[in-house]
Undergrad: 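Shown below is the structure under consideration.
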Amino acid sequence: MNMQTPDSIVIIPTYNERENIENIIRAVFALEHGFHILIIEDGSPDGTAAIVKTLQQEFPERLFMVERKGKLGLGTAYIAGFKWALQHNYEYIFEMDADFSHNPQDLPRLYKACAEKGADVAIGSRYVSGVNVVNWPMGRVLMSYFASKYVRFITGLPIHDTTAGFVCYRRSVLETINLDGIRFKGYAFQIEMKFTAYKCGFNIKEVPVIFINRELGTSKMNSSIFGEAVFGVIRLKWNSLFHKYPKSTENRK
C-alpha cells in the first residue's frame with residue numbers, strides 16, 4: 001500500500017495517557033497496513049500532548065493531533081475526529097482507546113470486514129463469541145455484559161456488544177449520519193452511533209476481539225457515565241419513533 005495515499009485513520013482520544021501514548025502509536029505504525037493516527041487531546045495536564053508532538057517529528061506524514069481546551073467528553077472527541085477525517089478524505093475511520101484495552105493487532109481484521117467483506121461498520125466485539133474480557137473485576141464484566149443485553153432488548157439493535165469503543169466506519173456512514181445531531185457525550189455515545197447507523201440501513205458486522213483491561217493509567221469509567229447509558233437508551237428508542245433517519249444510498253449486504 002502506498003504510504004502517500006492511505007485510506008485509513010485511527011482516532012485515539014487522550015486525557016492523561018502519558019504512560020501509553022508512545023507505545024500505542026508505535027504499535028499501530030508497526031502494522032503492515034499503512035494506518036494514519038489522529039490524536040484528539042483534551043488538555044491533559046500530564047504532558048501527553050508533548051509526547052505526541054515529539055513523535056510527530058518522527059512520523060510527520062502519519063501522525064496528527066487536534067488539541068482541545070479541557071476534558072469535553074468522549075463523544076465530542078470522536079465527532080471532532082470524524083469531521084477531521086472526512087475533511088481529509090479517509091475511507092475507513094477507526095475508533096480506538098489509547099490504553100491497549102483494544103489490541104492494535106486487531107485493526108487489520110476490522111479493516112478487512114469493511115474493505116473486503118461488505119460491512120459498513122465493523123465492531124471489535126467482546127461478546128459475540130462468549131465473554132472475551134481479561135483482567136476486569138467480575139462486577140465490571142457483568143455490568144458491561146448486561147448493559148449490552150439491556151440495550152439490545154430496549155432498542156432492537158442486533159448487536160452483542162453495543163457499548164464497544166473499538167469500531168471501523170466507512171466514510172459513507174459518517175457522511176450519512178448527522179454528526180451534530182448525536183446527543184450523547186459519554187458512554188452512551190457508542191450506543192447512539194451504532195443505533196443510528198443501524199436505523200440508516202447500514203450493514204454492521206461484529207468481529208470477535210479480546211478486551212484487556214488497561215495496565216497503565218486510570219480508567220475513565222464511572223457510575224454517572226453508566227447512568228447516561230441506562231436512561232439514555234430509553235430516550236434514544238423513544239425519540240427514534242418520531243425521527244426520520246437518512247437512508248444509506250449504498251445498501252450493500
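Worth saying up front: this structure is predicted, and the values here are computed from it rather than measured. Start at 1 with the first residue, then count along the sequence.
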Undergrad: Within the 4.5 Å heavy-atom criterion, are Thr176 and Phe202 side-chain neighbours or not?
TA: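 Answer yes - side chains close enough.
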Undergrad: What verdict does the side-chain contact (heavy atoms from CB on, under 4.5 Å) test give for Tyr111 and Val207, after you've listed the backbone C-alpha separation in whole Å, the side-chain angles of each residue and the deciding distance to 0.1 Å?
TA: CA-CA 10 Å; Tyr111 174 80; Val207 175; over 6 Å; no
Undergrad: Do any side-chain atoms of residues 79-88 form donor-acceptor pairs under 3.5 angstrom with protein atoms, and if so which ones, sequence neighbours left out?
TA:
| from | atom 1 | to | atom 2 | distance (Å) |
| --- | --- | --- | --- | --- |
| Lys83 | NZ | Asp180 | OD1 | 2.5 |
| His88 | ND1 | Trp84 | O | 2.7 |

Undergrad: Any non-hydrogen side-chain atom of Ile39 less than 4.5 Å from a side-chain atom of Ile25?
TA: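 Counting from C-beta outward, Ile39 and Ile25 do come under 4.5 Å.
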Undergrad: Taking Arg126 for its side chain and Phe211 for its backbone only, find out whether a donor-acceptor pair lies under 3.5 Å.
TA: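 No.
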Undergrad: Within the structure provided, determine whether Ile24 and Met96 are in side-chain contact (heavy-atom separation under 4.5 Å).
TA: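 They are in side-chain contact.
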Undergrad: Would you find a donor on one side and an acceptor on the other, under 3.5 Å apart, between the side chain of Asp120 and the backbone of Ser172?
TA: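 No, the answer is negative, given that no donor and acceptor are paired below the 3.5 Å cut-off.
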Undergrad: Does any non-hydrogen side-chain atom of Phe166 lie less than 4.5 Å from one of Ser101?
TA: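 No, every pair of side-chain atoms sits at 4.5 Å or beyond.
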Undergrad: I'd like to know if the side chain of Ser148 reaches the main chain of Thr162, judged simply by a donor and an acceptor atom lying under 3.5 Å from each other, with no hydrogens or angles considered.
TA: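 Yes.
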Undergrad: Only counting residues at least two apart or in another chain, list the ones meeting side-chain contact (heavy atoms from CB on, under 4.5 Å) with Leu74.
TA: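 Applying side-chain contact (heavy atoms from CB on, under 4.5 Å) to Leu74 gives Pro13, Tyr78, Gln190.
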Undergrad: Answer yes or no: is there a donor N or O on one side and an acceptor on the other, between the side chain of Glu95 and the main chain of Val167, under 3.5 Å?
TA: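 Absent.
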Undergrad: I'd like to check Val209 versus His102 (side-chain heavy atoms, cut-off strictly below 4.5 Å). Are they in contact?
TA: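 Sidechains of His102 and Val209: no contact.
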Undergrad: Glu91: which residues meet the side-chain contact (heavy atoms from CB on, under 4.5 Å) condition with it, sequence neighbours left out?
TA: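 In terms of side-chain contact (heavy atoms from CB on, under 4.5 Å), with neighbours along the sequence ignored, Glu91 is linked to Asp7, Arg170, Arg171.
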Undergrad: With a 4.5 Å heavy-atom cut-off, do Leu55 and Arg26 have their side chains touching?
TA: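 When only atoms from C-beta onward are counted, Arg26 and Leu55 do touch, with a gap below 4.5 Å.
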Undergrad: Supply the members, apart from Leu241, of the Ile/Leu/Val/Met/Phe/Trp/Tyr cluster built from side-chain contacts under 4.5 Å; use none for a lone residue.
TA: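 For the cluster that includes Leu241, the remaining residues are Trp238, Phe242.
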Undergrad: With sequence neighbours excluded, what pairs up with Lys112 under the side-chain contact (heavy atoms from CB on, under 4.5 Å) test?
TA: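 Expected list: Glu116.
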Undergrad: Would you find more than 12 non-hydrogen atoms of other residues, nucleotides or ligands less than 6.0 Å from Phe59 atom CZ?
TA: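 Check passes, neighbour count above 12.
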Undergrad: Is there a donor-acceptor pair under 3.5 Å between the side chain of Arg68 and the backbone N or O of Gly43?
TA: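 Pair absent, no side-chain N/O of Arg68 close to backbone of Gly43.
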Undergrad: Do the side chain of Arg109 and the main chain of Pro208 share a donor and acceptor less than 3.5 angstrom apart?
TA: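 At least one qualifying donor-acceptor pair exists.
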Undergrad: Please examine the side chains of Lys205 and Cys114, heavy atoms only from C-beta on, and report whether any two atoms are closer than 4.5 Å.
TA: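 SC-SC contact between Cys114 and Lys205 ruled out.
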Undergrad: Going by the rule side-chain contact (heavy atoms from CB on, under 4.5 Å), which residues pair with Asn103 if we only count those two or more places apart in sequence or in a different chain?
TA: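 With neighbours one apart ignored, the set is Gln105, Asp106.
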Undergrad: Hydrophobic clusters here meaning ILVMFWY residues chained together by side-chain heavy-atom distances under 4.5 Å, can you tell me if Leu72 and Val52 are in one?
TA: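 The answer is no; the residues belong to distinct hydrophobic clusters.
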Undergrad: Is a side-chain donor or acceptor of Thr48 paired with a backbone partner of Glu17 at a separation under 3.5 angstrom?
TA: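 Pair found, side chain donor or acceptor close to backbone of Glu17.
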Undergrad: Is it true that a side-chain atom of Lys194 and a backbone atom of Glu192 form a donor plus acceptor pair closer than 3.5 Å?
TA: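 Side chain of Lys194 to backbone of Glu192: no pair is present.
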Undergrad: Would you mind reporting whether Leu236 and His243 have side-chain heavy atoms less than 4.5 Å apart?
TA: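 No. Closest side-chain heavy atoms not under 4.5 Å.
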Undergrad: Would you confirm whether Thr76, through its side chain, and Gly73, through its main-chain N or O, come within 3.5 Å as a donor-acceptor pair?
TA: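 Yes; at least one donor-acceptor contact below 3.5 Å.
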Undergrad: Using the ring of each side chain (for Trp, its six-membered ring), is Phe64 parallel, tilted or perpendicular to His36, with breaks at 30° and 60°?
TA: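 Judged by the thresholds at 30° and 60°, the geometry between Phe64 and His36 is tilted.
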